[in-house]
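Remember, it's a predicted structure, so these values are computed and weren't measured experimentally. Hydrogens, waters and symmetry mates are skipped; everything else that's a heavy atom, side chains included, is used. The chains referred to below are lettered A, B, ... by the order of the sequence lines, with proteins before strands, and numbering in each begins at 1.
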Amino acid sequence: MSALVLISVLGVAVLYLGIFGRKVILAPVAIIGLLAAIALLASGWHIHHPLLEGMLRFDRLATGFGIGMAAITVLVFLFGPDYYARKEWHVAEQYALMLFSLVGGLLMASYTNLLMLFLGYEVLSIPLYVLAGGKKRSLRSSEASLKYFLLGSFATAFMLMGIALLYSLTGSFDTGKLAAYMAAHAAPNMMLNFGLLFVVLGLAFKAGIVPFHFWKPDVYQGAPTLVTTFMATVVLMAAIAGFYRFIDATGMPHALATVLALLVLATLLVGNVIALRQTNFKRLMAYSSISHSGFLLLALLTDTGFAEGHGAAVGGTLLYYTFTYSLATTGLFILFTIAKRANQGAEHNGIFKGLWHAQPWLALCALALLLSLAGIPLTAGFIAKYQVFLLAIGAGWLKVMLFGVLMALLGIYYYIMVARELFAPAEQPVTFAVAPLNWAVVTLCTLAVLALGVWPHLPGL
Amino acid sequence: MLYLFYLLAAVSILSAVTVVAARSPITSVIALIVCFLSIAGHYILLNAQFLAMVHVIVYTGAILILMLFVIMLLNMNQLVEQRKPLLVRIAAVATGGLFFLVLLAATHQGLSVAPAHFDAGIGLVHTIGTVLFRDYLVPFEVSSVLFLAAMAGAMVLAKKDGTEHVNLPPSSEPGQNA
């Protein structure tokens, strides 16, 4: 609770600093504030404030997701000073909007009330609509902003309709009351199923589950790279955390579990197959993100059909998966920005050519991060996927799991395609300008991914 | 009381018909304001003070004034009969008809409230304030963060930022960064 207040106030403070201060101090202030928020979260996970009763619950999972999201935001902000070095206008607002969005993410990780889910979803999304349009001169950026806004509003409307249907059944927004109602009325119920389905649709949109994924490539490509990084990492974590809370609280009737299984199959297939043909790196990362959403949804699927609290292992796996995925993605997008600058703003996969000859260490980092996304052993990505498959076997989703393994193997191909470019010689000599801070963040991400891959129990999850 | 209801009902229906039938958009909007005010009167008759006030402030105060501004800024006050395509008109009639059907289905068995179980004070400002600031205090405060973010975002989108006069071709994507 105090972390929520701190981050909200921090957003306002950064807005004010933008008026009075110089933009050099924005990122340090935001980062120090976020570190304080992480400390508050880590120290206070047993605190139950009476005002929060029935609205938010900061249990272990919410705290873990909260710390993860705040930590990734810190990494994104460390990338900020270099990224915004040549931007003169609205830099403070960019940081502040990301902080507000993070508040929404924390709410989505901790709600026990559908009203808070809706508010968290909106607080998460509305700053993103603006941030995606951050490059005002770029048509692609404006397209991304408008597309995200229209589709996002549509998804929100669906979710609100679902919440209204559930409220009309139970007379309460509380997820506990909803679970009690479902336990008492076991017979199939159209209104209940549609209510649950609509809420799931809203959450699936934010996570980029096929068939609600169409915004993802365009928005990832159009948005400024720093915002894309934020969306691919923190927002995905928030969406998955909110998704998990909803499924864990309700348990989902059997009919909806089948729907979710179909969504898993579609997401894995579309994400991986279409990624094979992408030449733009940002779009490739978007489809990679879709395929990872598919694996995450597979883990969520194993939590269906049980009463609340069953899925502690699922929650831990989701946190581990999204956090390590976010680490790898953050590092790769920073490397992408470095390579894009060296190639006069080109975005195709070939911009990584010559990195091995110019910056051997960064090329090795990029290789490790790509292999982690692909799920090669000794990286965190492998442990994450392995845990998801174990969960799926344990819950009896064997066929879906086998399809997932197949798609994971297919996915290795396009990551290797990018990795091959790293070691190819450049056609003409390119110089990669690397800011020391960026080098440090990329190194940190790589070491963290490798360390978590070798010792998965490092953070005590 | 009953006469007041008939008076308000007559005003609402007449002004609603004027909204649709009037040729000038300005007349339509002003009739809509009258319609909304008379509906607010209905709310007061139903002992729903809070709803009446919010109705006046939000609909009459904010939305309709905004519409008036749009009409005046776009200079739409000429008497222009706009011809809509046939498909749009059919769609509009079908939508309206469906809505009417839903209302009919919802009310054809009668909307009866047992007076013994009905709390007449449910719409009073005091009751709503107690619920809002005790049971729903956290969502109430969180929505302030939402509005703050939305306002900051609107400022970012709308404010001049010194770059927009540089008309560069969009394909080159120079951007301020990378």
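- The residue among A/Leu4, A/Asn343, A/Val123, A/Leu131 with the most heavy atom pairs within less than 4.5 Å of chain B is A/Val123.
- Within the 4.5 angstrom heavy-atom criterion, only side-chain atoms of A/Leu107, from C-beta onward, approach chain B.
- Neither the backbone nor the side chain of A/Tyr129 comes within less than 4.5 Å of any heavy atom in chain B.
- Listed for the A/Thr337 side chain is a donor-acceptor partner under 3.5 Å among the backbone atoms of A/Phe333.
- A side chain to side chain contact (heavy atoms under 4.5 Å, CB included) with B/Leu37 is found for one member of B/Val56, B/Leu8, B/Val11 and no other, namely B/Val56.
- A/Tyr83 has its ring centre less than 6.0 Å from the ring centre of A/Phe79.
- Between A/Phe336 and A/Phe281, the ring-plane angle classifies as parallel under the 30° and 60° cut-offs.
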